[in-house]
Amino acid sequence: MSNPPNIPPITEDGFWLPAQASTIAAETDHTWWVTYWMSIFFFFLVIVPMIYFAIVHKRKSETEKTSPIDHSMKIEIAWTVLPTGLLLWLFALGVTGYANSQVAPDNSYEIKVTAQMFSWSFQYPDGTVSGELTVPKGRPVKLVMSSQDVIHSFFVAEFRVKQDVVPGLYTTLWFEANKTMETALQCTEYCGEKHSNMLTKVTVLEPKDFQTWIDNGGTMEKMPPVEWGAKLYASRGCANCHSVDGTRVQGPTFKGFWTKGSEKLTDGSTVKIDENYVRQSILEPATQIVEGYPNVMSAYAGQLRDEDIDALIAWLKTQN
Amino acid sequence: MSRSITAEEVSQIPQSGGTNYINAEQGVWSWLTTVDHKRIALMYLVSTLIAFLMGGFFALLLRFELLHPGKDLLDAKGYNQAFTLHGAVMVFLFVIPSTPAVLGNFLLPIMLGAKDVAFPKLNLLSLYLYWTGALFTLSSLVTSGLDTGWTFYVPFSTAVSDTSVIAVTFGVFILGFSSILTGLNFIVTVHKLRAPGITWYRLPLFCWGIYATSLVQVLATPVLAITLLLLIFEKVAQIGIFNPKLGGDPVLYQHFFWFYSHPAVYIMILPGMAIISDVIAVHSHRRIFGYKAIAFSSVAIALIGFLVWGHHMFTSGQSELASAIFSFLTFFVAIPSGIKVFNWTSTMWRGSIAWNTPMFYGMSFLFLFTIGGLTGLFLGTLNVDLHLHDTYFVVAHFHYVMMGGSVIAFLAGLFHWWPKMTGRMYNDSLGKLSCVIVFIGFNMTFFTQFFLGSRGMPRRYYTYLDQFQPLHAFSTYGSWVLGLGLILGLVTLLASLKSGARAPSNPWGAKSLEWETQSPPITENFKRTPLVTHGPYDYDTTEDK
């Protein structure tokens, strides 16, 4: 097995933490390292004496007498007050970093994020919609997120950000990417069977490349519709439920779909397979459920542009 | 009226060797209708160990599946069911009931010098409720399984999952009542049934820990019951409470759920701390260091534990202010836990430390729980949690606390009180070997998961990015070592029943009351109510105070 198609790895950097790729990552990592060394200190403070006592005070006879000292106000106050001080310091570091990570700067570039089982959709201010997240370097990006079905969570390791995406509620998250890179966005709230497939690619581009990407409608180079359709199929979650090799998954397979001619629906009617049927099934799938399949597909209305639907139809026609 | 005799006199009563609580009555019916706390404890022991083996089986299954990305053994649905059942069985059927219902039940009345708990019939009802709840929970195995995670998050559990959510939540609802009644019973027992001379400060620290646990059980569990009922209402009657499509609020569910389930963490760890306090003092033959500090820190943890549930929800969409307050309060739970750890280590200072199985498990607990506690600091710190939340770092952290803490402590307690409970000594070398193998296997399995998490591996993933494969594989190999160690430990105990030497009444030279009656005890625990004239840790000391 290998990574799902088109998902780059998380960039590693040393033993513990991934590479840093956002403006808040350094502060988060600073808090991490303070906590880390504090933990190491307290760990050895407990474990070294434990092992030492176990060895030097190992029982030599059953009648051995032991120390009568069973409390010491001085030392007990010390080991209460000192850790309390250190913990307050940790709290302060954590809450400061948290505040910085929660309040988006005023000039942020706003992207609307929609999560559904099991795909991500990003809508840009100009109407461009993409299944992958592409952002400019050096500009704060604010995500306004909501879910169509169950709770999901947005996590990009190199940015050190995470936020649940909740149905019936808008949650927000911001970051400013500070290097051009590619990485994986992973869903981190369990959302069902394909939870671990709810991944997509994150790309950070130079501002001028990002402009080109936006101008082309969410791609660096204009693609022919069939190719674009194939890309949408892979990146927009279609592949989770519709196979192209005839395997039955949650939804009907696309193999030989177009040449089949017609489809029988759960309400008993038969519908002709044409461009309008496909368009309607993508935008409002619940209105025409194929017989023998569950009504589980989320509506894509508002998440695909007309050009995207055209491309998907063009691609569907090639699936024989 | 009979004259009270002193504890010393009790210990000098010649042992009959014949009658004890196990052979006092014969036949299955005598067990099913018993109100003897010790017999009920033994039935809990067998039941919870079966649950432990089942939960362990699911754990090995899901670890095996994670050897490689994609399918090794199970498909995604099978994997999701395996991790859900592993969590649900371990939490609700094993860790929560294990120490209070097994060791607490067995020991609390004896340590208090009482004949039984305050409400013996209620105690038996708790056991029957446990069995009923377990049946509902496990019925999912033969119906449609369960794939929601042990947390039953909405709206997935109410609107999407087509598995046995109702049967399992109803099972957990019933299990909750078992837990509440046990807690209630213990609280009354500690207050009312202490023998003459047992003041609060002469209680073994085990009793303080169980008492604090009982408070949490009684106060927190009803909230879980309410939450699960609301969930069932929503799923069955489509009443919108949590599902936004019906006008509900999914974050509200998380508040309700964690209002119980965070205190439940203390229902799981406080009894472990209770065991360790006794195990370390007894096998060091030393007065425990900071008796009052340990006793009151248990109560402090129980109370502060009610105020920190929001730290499970830093990324949930709760308000930033709420997150900041919950983070602040969370650090205050760390302090009493830290105090306990320092006291336990100090208790070993200038002690007379036996290198035996219970003490090995006790030291293993100190090592693993310290790591579990310290890694909690990373998760309580707000900005670091944003990175680590819902990754394997969390999985590793709570296994260090729940397994490295609670389960290892339970094993320490089981090896410590086994001679008292069964009247048999086990093979100490095998016991120590099992402890070492468990320790190595545990660290291989779970320490690895800290790196997985900090590097960005989310939890509850059936398949994963290729870069995580070597660490996942190493963790899986560790789970095999861990399984082997646990089986060896179990075999050691079971073998003692067949071929172990008869246990004397006080094999460890301990000072608390349970060691002054015969092993195994008679049904009434003591022939006469003992009069206690010294504390539970009054060991012979050198003069140079």
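Because the structure is a prediction, the values reported are computed rather than measured. Residue numbers begin at 1 in each chain, while the letters A, B, ... track the order of the sequences.
Ranked by heavy-atom pairs under 4.5 Å with chain B, the first of A/F91, A/F159, A/F154, A/W32 is A/F91. Counting heavy-atom pairs under 4.5 Å between each of B/G509, B/G338, B/S316 and chain A puts B/S316 at the top. Per-residue heavy-atom pair counts under 4.5 Å with chain A were compared for B/W349, B/Y291, B/Y462, and the maximum is reached by B/W349. Each of A/A99, A/C187, A/S72, A/S101 has some count of heavy-atom pairs under 4.5 Å with chain B, and the biggest count is that of A/C187. The residue among A/S153, A/G192, A/G168 with the most heavy atom pairs within less than 4.5 Å of chain B is A/G192. In terms of heavy-atom pairs under 4.5 angstrom with chain B, the leader among A/S39, A/A157, A/G97, A/C191 is A/S39. Interface check for chain A: of the options B/I371, B/N80, B/D538, the most heavy-atom pairs under 4.5 Å are formed by B/N80. Ranked by heavy-atom pairs shorter than 4.5 Å toward chain A, the options B/G247, B/P250, B/S161 are led by B/P250. Note: A/Y98 leads A/F15, A/F43, A/Y98 in heavy-atom pairs under 4.5 Å with chain B. Between chain B and the residues A/Y52, A/Y36, A/Y170, A/W79, the most heavy-atom pairs under 4.5 angstrom are made by A/W79. Among B/A76, B/P155, B/G380, the residue making the largest number of heavy-atom pairs under 4.5 Å with chain A is B/P155.
Contacts of B/F83 with chain A are made by side-chain atoms alone, with heavy-atom separations under 4.5 Å and no backbone atom involved. Residue B/Y79 does not touch chain A at all, counting heavy-atom pairs closer than 4.5 Å. Proximity to chain B is limited to the side chain of A/V166, based on heavy atoms less than 4.5 angstrom apart. With a 4.5 Å cut-off on non-hydrogen atoms, B/H68 does not touch chain A at all. Neither the backbone nor the side chain of B/T375 comes within contact range of chain A; no heavy atom of the residue lies under 4.5 Å from a heavy atom of that chain. Contact annotation for A/E62: both backbone and side-chain heavy atoms come within less than 4.5 Å of a heavy atom of chain B. For chain A, no part of B/Y537 is nearby; none of its heavy atoms comes within less than 4.5 Å. With a threshold of 4.5 angstrom between heavy atoms, A/L45 approaches chain B through side-chain atoms but not through N, CA, C or O. Interface residue A/I75: only side-chain heavy atoms are found under 4.5 Å from chain B. Contacts between B/L366 and chain A at a heavy-atom distance below 4.5 Å involve backbone atoms as well as side-chain atoms. Proximity to chain A (any heavy atom under 4.5 Å) is restricted, for B/K245, to the side chain, taken from C-beta onward. For A/A184, the part lying near chain B is the side chain, with the backbone staying farther off; criterion is any non-hydrogen pair under 4.5 Å. In this structure, the portion of B/Q254 lying under 4.5 Å from any heavy atom of chain A is its side chain and not its backbone. Only the side chain of B/Y153 comes within less than 4.5 Å of a heavy atom in chain A; its backbone stays farther off. For a residue to count as touching a neighbouring chain, one of its non-hydrogen atoms must lie under 4.5 Å from one of that chain's; by this rule B/T347 does not touch chain A. Looking at A/I151, both its backbone and its side chain come within 4.5 Å of chain B, counting heavy atoms on both sides. Only the side chain of A/L169 comes within less than 4.5 Å of a heavy atom in chain B; its backbone stays farther off. No part of B/A159 comes within reach of chain A, as not one of its non-hydrogen atoms sits under 4.5 angstrom from that chain. Heavy atoms of B/V154 lying under 4.5 Å from chain A belong exclusively to its backbone. At a 4.5 Å heavy-atom cutoff, the contact between A/T31 and chain B is made by backbone and side-chain atoms alike.
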Should A/M50 and B/T370 be marked as a side-chain contact (heavy atoms from CB on, under 4.5 Å) after you check the CA-CA gap, both sets of side-chain angles, and the distance that decides it?
CA-CA 12 Å; A/M50 178 190 93; B/T370 302; over 6 Å; no
Verdict with reasoning, A/R59 to B/H285, per side-chain contact (heavy atoms from CB on, under 4.5 Å):
CA-CA 9 Å; A/R59 188 173 300 166; B/H285 272 186; 3.4 Å; yes
side-chain contact (heavy atoms from CB on, under 4.5 Å) evaluation trace for A/L199 with B/L465:
CA-CA 10 Å; A/L199 270 54; B/L465 296 175; 3.8 Å; yes
Steps toward side-chain contact (heavy atoms from CB on, under 4.5 Å) verdict (A/H30, B/N383):
CA-CA 10 Å; A/H30 172 69; B/N383 59 348; over 6 Å; no
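Scanning both residues, B/R460 and A/H195, for their nearest heavy atoms gives O-CD2, 3.1 Å. Considering all non-hydrogen atoms of both residues, B/I335 and A/L87 come closest at CG1-CD1, 3.7 Å. B/S352 approaches A/S61 most closely through the heavy-atom pair OG-O, 4.2 Å. Contact detail for B/T345 and A/P49: the closest heavy-atom pair is CG2-CB, 3.8 Å. Between B/R455 and A/P18, the shortest heavy-atom contact is O-CG, 3.7 Å. Scanning all heavy atoms of the two residues, the minimum distance from A/H57 to B/M348 falls at CD2-O, 3.4 Å.
Note on ring orientation: taking the six-membered ring where Trp is involved, the planes of B/H387 and A/F155 are tilted (angle from 30° to 60°). Ring geometry for A/F42 against B/F342 counts as tilted: the plane angle lies between 30° and 60°, on a 0 to 90° scale.
B/F331 CZ to A/L88 CG: the interatomic distance, rounded to the nearest 0.5 Å, is 9.0 Å. Taking NE2 of A/H71 as the reference point, atom CG of B/N343 lies at 11.5 Å (rounded to 0.5 Å). Between atom CD of residue A/E189 and atom OG1 of residue B/T151 there is a gap of 7.0 Å, rounded to the nearest 0.5 Å.
Judged purely by atom type and a 3.5 angstrom limit, B/Q467 uses its side chain to pair as donor or acceptor with the backbone of A/I10. Judged purely by atom type and a 3.5 angstrom limit, B/S454 uses its side chain to pair as donor or acceptor with the backbone of A/W16. Proximity of a side-chain donor or acceptor of A/K162 to a complementary backbone N or O of B/H389 within less than 3.5 Å is detected. With hydrogens and angles ignored, the 3.5 Å screen pairs a side-chain donor or acceptor of B/R286 with a backbone N or O of A/I69. Using a distance-only test at 3.5 Å, with no hydrogens or angles considered, a donor-acceptor pair links the side chain of A/Y190 to the main chain of B/D147.
The 12-atom threshold is not exceeded at NZ of A/K74, counting heavy atoms of other residues, nucleotides or ligands nearer than 6.0 Å. Within 6.0 Å of the NZ atom in B/K77, the count of heavy atoms belonging to other residues, nucleotides or ligands does not exceed 12. For B/W355, the CH2 atom sits in a packed shell: over 12 heavy atoms of surrounding residues, nucleotides or ligands are nearer than 6.0 Å.
Side-chain contact, B/R287 with A/T66: no donor N or O sits under 3.5 Å from an acceptor N or O.
Annotation: salt bridge (charged side-chain N to carboxylate O under 4.0 Å, His left out) contacts of A/E76 (sequence neighbours excluded): none.
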